[in-house]
Amino acid sequence: AYNVTVFEQYNQRFLRANGQLEKYREIQDKVGSEIDEIATPKYQYNVRRVCEEIRSTLMQLIIKEV
């Protein structure tokens with residue numbers, strides 16, 4: 001079932017992770033390639049992790065409904 005509190009928690013986590021990625025992209029051209037090779041995957045992973053947790057929670061809810 002839809003839970004507003006859970007939605008808000010995931011939404012805040014996604015916005016935070018995506019915001020960090022966007023801030024990094026603003027300065028990405030100013031950092032060296034060695035730092036970029038470490039930082040870009042880190043920020044991308046944070047966004048993917050939140051998305052995967054959302055997907056997992058949605059799948060669990062679907063299974064409970066069946």
If you define the side chain from C-beta out and look only at heavy atoms, does anything of Gln44 sit under 4.5 Å from Val47?
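No, side chains not in contact.
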Thr57 side chain near Phe7 side chain, heavy-atom distance below 4.5 Å
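They are not in side-chain contact.
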Interatomic spacing from [atom1] in [X] to [atom2] in [Y] - rounded to 0.5 Å:
| X | Y | atom1 | atom2 | value |
| --- | --- | --- | --- | --- |
| Asn18 | Gln20 | CG | CD | 9.5 Å |
| Arg16 | Asn11 | CZ | CG | 10.5 Å |
| Ile35 | Lys30 | CD1 | NZ | 14.0 Å |
| Leu21 | Arg48 | CG | CZ | 10.0 Å |
| Tyr43 | Lys23 | OH | NZ | 10.0 Å |

Side-chain heavy atoms nearer than 4.5 Å, only ILVMFWY residues, links allowed to pass through others: does that put Tyr45 and Ile54 together?
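Shared cluster, no.
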Looking at every heavy atom in both Tyr10 and Val50, which two are closest together, and how far apart are they?
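Minimum heavy-atom contact is O-CG1, 4.1 Å.
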Could you go through Arg55 and Glu52, starting from their C-alpha distance and side-chain angles, then the distance that decides it, and tell me whether this counts as salt bridge (Lys or Arg N to Asp or Glu O under 4.0 Å)?
CA-CA 5 Å; Arg55 180 181 169 273; Glu52 183 57 35; 3.1 Å; yes
Could you tell me whether Glu34 atom CD has more than 12 heavy atoms of other residues or ligands within 6.0 Å of it?
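No, CD of Glu34 has 12 or fewer neighbouring heavy atoms, counting only those of other groups under 6.0 Å.
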